[in-house]
Amino acid sequence: MSPTFSSPGFAAPDTVLLVDDTDTMRTLYRRILEIGGFRVVDAASAEDALSLLSLERPNLILLDYMMPNMDGPAFARRLRAREEGGRIPVIFLSASASQEHMDQSFDAGGDDYISKPVDPRVLVARVKSTIAATRERASRERTNTVVAQRDHLTSEMLEGQRLQQAQLPAVPVRVGEWSVNGAVVPSGQVGGDLFDVIAGPDGSLTAFAVDVSGHGLAAAMVAGATRSALRLLLGERPMAEAVVALNQHLCERGGGHYACVAVLRIHGGEVTIVNAGLPPVCILEGGQTVARVSGAGTPPGLFPDATYEEVRVPVGPLSRVILMSDGLTEPFGRADDVEGSLARFGFRAGEANPDARALSERIARVLAGASEGPSDDATLLIVEPSAAVPQCILPGALASIDRALEWAAKTAPGWVDRDRLELGLSEVLTNAVIHGVMGIDSSSRKASLDTYLDAISVKEEAAGPEGAIALALQADDAHLELAVRWTGTPCPPEHRRTPAPPAPNALSGRGMSLIFASFDNIRWSHDGRGLSLGLRRA
Amino acid sequence: MSAFPVTRIQGASVLELPERVSVSNTRELLDAGLGALASGTGQVVLDLRGTQTIDSTALGAIVQLSRNATSKGRALVLLAPRDGVRRVLAITRLDQVLPIRSELGVPGPVS
């Protein structure tokens with residue numbers, strides 16, 4: 001007998017396939033189910049039902065247990081063996097209430113078993129509940145699949161982040177007298193930030209940061225390629241030319257990505273910086289900004305004819321060079337406010353280097369509280385003297401000398417004679433301020449402690465609250481380095497005077513004479529902000 | 001409605017950019033900008049008066065639009081970027097290569 005179909009009068013009802021070899025039973029169940037709101041498809045044999053399933057996918061099969069040729073359990077087993085893309089629930093109908101029939105029905109893959117005679121309300125209720133349970137199970141399985149796929153993607157992303165972090169140099173990196181600390185804090189996905197450090201054969205330290213536009217694997221790959229290209233280029237040509245070549249390389253490469261880059265190199269008492277699209281590179285001394293080096297050209301990869309320039313700034317034992325990507329500044333609404341971001345992270349001058357993990361955690365904690373929230377990778381590089389240099393900030397002219405001497409006496413190593421240190425320190429302070437900062441010619445005005453006090457009073461008054469003397473002392477078994485730096489506006493070059501050469505002469509005070517008598521090697525350097533004095537004994 | 005509505009003002013096609021322009025809506029920015037460059041004449045103006053933040057992907061798209069405009073003999077102009085956006089443009093030196101205007105004339109009918 002061919003299967004017959006009925007069409008209910010409303011849209012998309014659940015479909016029940018009714019399989020029963022007795023015409024009267026099919027008519028009865030069809031009527032009950034249609035009244036219950038179902039669309040009904042029926043078949044007079046298991047064989048017909050199997051054929052019908054190639055055309056129809058019912059929501060449920062209502063299956064007579066006893067049928068000629070292929071009975072209900074045999075049909076159910078065939079059905080389960082060929083099911084693809086989801087399981088159709090089956091309810092057995094049987095005139096028998098025997099446990100054996102029930103067991104066979106469930107063993108064959110049945111979901112429910114109803115004994116005849118059937119209460120119409122019970123039949124409709126159990127068909128509905130079985131369809132609902134099947135639908136819920138399918139939904140749960142789909143959800144589990146989505147969750148599993150999401151977990152897989154998350155796992156892949158975390159692996160990508162780990163790979164990205166693994167490509168960063170282990171910090172702190174020490175090159176000569178300088179140390180580089182840094183961290184890249186990902187925004188939550190693989191991104192295009194990185195940094196690298198190169199120790200030059202001439203003792204120089206080169207560090208750079210790269211921030212590639214966009215996110216994801218593509219940005220990370222461009223960042224990696226940019227680092228490789230930049231390392232190569234920096235090894236074979238001057239910094240600005242290297243960035244020009246990088247720009248041309250990225251422009252030719254295409255792909256829609258560009259890279260904000262800043263490169264710095266420290267060598268021989270100065271840092272050379274090329275900034276191409278990152279927030280200003282800041283040089284701090286005693287917690288004060290003494291120089292900001294802003295971008296000198298558009299980010300590499302945008303305009304093939306862009307040019308870049310190198311900026312040189314003197315650095316000394318008190319200097320700290322800060323380089324950061326805009327992921328650390330923009331969340332606070334000011335893309336160029338490097339100092340503000342640095343203050344938010346709580347990095348103080350003279351603070352011992354936090355390890356990379358502590359650095360990352362501190363950054364992530366602050367970024368989480370930003371109004372915009374972290375939306376971009378964030379990179380921070382701190383370059384500073386390799387030892388944590390003890391520092392003393394001396395505001396106020398009259399208190400300065402006493403505080404400096406008290407501090408130096410506590411800080412200096414045991415081999416340094418206290419009296420000589422005091423005299424040497426006075427000499428350095430005096431010379432630093434008078435010659436290095438004030439531009440006072442000692443031939444016309446005798447350099448003395450009184451002159452220093454006068455000079456620094458004038459200087460502080462002119463500079464306002466940001467002016468202060470920062471004093472640093474660094475020592476090992478035979479070497480003592482004293483650095484005196486003015487944190488306010490530097491003395492204009494035209495007013496600077498060359499300080500007395502490092503040898504006693506007629507104009508040298510008692511302090512210098514004692515210093516020369518006590519040390520075998522004496523070196524000093526000066527600029528518009530102060531003076532560093534290096535003393536070494538044999 | 002497009003996230004980047006285009007109006008014709010004094011012969012220019014003006015795209016009004018939303019508060020945030022980022023990787024999430026850069027595609028729409030490009031589509032709207034390229035559409036304006038393909039269909040109209042005169043300047044294409046990116047109205048940044050209401051834009052608070054702009055990310056690196058969006059900056060790249062603006063440069064791409066600028067190049068496209070140049071290749072068609074037209075100009076892409078940035079209108080009155082706010083302080084935050086202006087800082088980003090300064091850091092990247094794009095304020096030196098992309099024309100920036102502070103004002104626009106009275107709006108006219110959409111062509």
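Here is the naming used below: chain letters follow the sequence lines, and residue numbers restart at 1 for every chain. We use all heavy atoms of the structure for the numbers below, so side chains are in, but hydrogens, waters and symmetry mates are not.
- Distance OG1/T298(A) to CD1/I91(B): 14.0 Å, rounded to 0.5 Å.
- Each of A296(A), P280(A), G301(A) has some count of heavy-atom pairs under 4.5 Å with chain B, and the biggest count is that of A296(A).
- In terms of heavy-atom pairs under 4.5 Å with chain A, the best-connected choice from A58(B), G60(B), G84(B) is G60(B).
- Remark: the backbone N or O of G295(A) is paired with a side-chain donor or acceptor of R93(B) at under 3.5 angstrom.
- Residues L302(A) and V97(B) are not in side-chain contact: their nearest non-hydrogen atoms beyond the backbone lie 4.5 Å or more apart.
- Of the atoms belonging to I62(B), not a single heavy atom falls under 4.5 Å from chain A.
- Contacts of D336(A) with chain B are made by both backbone and side-chain atoms, with heavy-atom separations under 4.5 Å.
- Pairs of residues two or more places apart, or lying in two chains, that qualify as side-chain hydrogen bond (donor to acceptor under 3.5 Å, both in side chains) and include a residue from residues 221-230 of chain A are Q167(A)-R227(A).
- Between S56(B) and S213(A) the shortest heavy-atom distance is OG-CA, 3.3 Å.
- Under the side-chain hydrogen bond (donor to acceptor under 3.5 Å, both in side chains) criterion, no residue pair touches residues 239-252 of chain A, with sequence neighbours excluded.
- Residues satisfying the side chain to side chain donor-acceptor pair (under 3.5 Å) test with T92(B), not counting sequence neighbours, are none.
- The greatest number of non-hydrogen atom pairs below 4.5 Å with chain B, out of C260(A), S294(A), G297(A), is found for G297(A).
- Proximity to chain A at a heavy-atom threshold of 4.5 Å picks out V63(B), R67(B) from residues 63-77 of chain B, in numerical order.
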